[in-house]
Amino acid sequence: MLTDRRAELISQRVQTVNRLQRMLSELVPGEVKLNLTAPQAREILSRRRPRDIAGKTLKRLALEQLEDLTVIDRRIKASDKRN
């Protein structure tokens, strides 16, 4: 069961990172990294200050994805400690 749960978390992480990378590529073209981590995404987003409604909305959604990524990473780490 623990192995299945970890696999589910990893799958969620991949999907979340992909969504976040897509949003970041729209907000900051050319700065998206492969194997994006939560701290890297946080740093990229902290430098971006959109002025239009679309940009502000996209940044807000990217921050939500970043929150999700942080939670998923925490759960993966906890899962690894239990195994």
Side-chain angles (χ1 to χ4, degrees):
M1 284 189 286
L2 293 174
T3 303
D4 289 343
R5 175 64 178 150
R6 188 176 192 289
E8 290 170 1
L9 289 169
I10 295 295
S11 178
Q12 286 177 351
R13 186 182 192 287
V14 168
Q15 292 171 357
T16 302
V17 167
N18 287 344
R19 282 190 299 269
L20 184 54
Q21 284 180 318
R22 214 171 29 253
M23 291 176 186
L24 288 175
S25 70
E26 290 181 40
L27 279 169
V28 189
E31 274 201 51
V32 178
K33 302 174 187 258
L34 293 177
N35 303 315
L36 184 70
T37 64
Q40 290 170 334
R42 188 172 289 109
E43 197 274 326
I44 291 169
L45 285 168
S46 72
R47 290 183 283 131
R48 183 69 177 132
R49 308 250 188 268
R51 295 181 185 206
D52 63 337
I53 295 244
K56 288 178 181 180
T57 301
L58 188 56
K59 182 175 179 179
R60 183 178 48 81
L61 293 172
L63 287 168
E64 288 177 11
Q65 291 299 311
L66 178 56
E67 283 180 42
D68 292 347
L69 179 58
T70 302
V71 169
I72 292 168
D73 282 346
R74 221 176 304 135
R75 288 180 179 163
I76 291 170
K77 191 173 187 177
S79 175
D80 289 345
K81 286 182 182 178
R82 285 190 295 258
N83 287 338

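Everything quoted here is computed from the prediction, not taken from an experiment.
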Subject >> Closest approach of K59 to P50 (non-hydrogen atoms, all atoms of both residues) >> reply: CD-CD, 3.9 Å

Original post:
Which pair of non-hydrogen atoms, one from A62 and one from L20, has the smallest distance, and what is that distance?
Top reply: O-CD1, 3.4 Å

Kindly write out the residues that satisfy salt bridge (Lys or Arg N to Asp or Glu O under 4.0 Å) with [X], not counting sequence neighbours, or none if the list is empty.
X	value
R48	none
E8	R5
R49	none

[X], [Y]: one ILVMFWY side-chain cluster at the under-4.5 Å cut-off?
X	Y	result
L66	I44	yes
L24	L61	yes
L36	L58	yes

**OP:** For D4, enumerate each residue passing the side chain to side chain contact (heavy atoms under 4.5 Å, CB included) test, keeping only those at least two apart in sequence or located in another chain.
**Re:** none

Original post:
According to the salt bridge (charged side-chain N to carboxylate O under 4.0 Å, His left out) rule, which pairs have a member within residues 17-30, sequence neighbours left out?
Top reply: none

As an exercise, state the distance from [atom1] of [X] to [atom2] of [Y], rounded to the nearest 0.5 Å.
X	Y	atom1	atom2	answer
R6	R13	CZ	CZ	10.5 Å
E67	T16	CD	OG1	12.0 Å
L69	R74	CG	CZ	10.5 Å
L45	L27	CG	CG	6.5 Å
L63	D68	CG	CG	11.0 Å

Subject >> Backbone N/O of R75 and side chain of S79: donor-acceptor pair under 3.5 Å >> reply: no

**OP:** Kindly say whether A7 contributes a backbone atom to a donor-acceptor pair with the side chain of S11 at under 3.5 angstrom?
**Re:** no

Original post:
Of all residues at least two apart in sequence or in a different chain, which pass the side-chain hydrogen bond (donor to acceptor under 3.5 Å, both in side chains) check with T37?
Top reply: Q40

Subject >> Test log, rule side-chain contact (heavy atoms from CB on, under 4.5 Å), inputs T70 and R42 >> reply: CA-CA 10 Å; T70 302; R42 188 172 289 109; 3.4 Å; yes

Original post:
Does CG in N35 sit with more than 12 non-hydrogen atoms of other residues, nucleotides or ligands closer than 6.0 Å?
Top reply: no

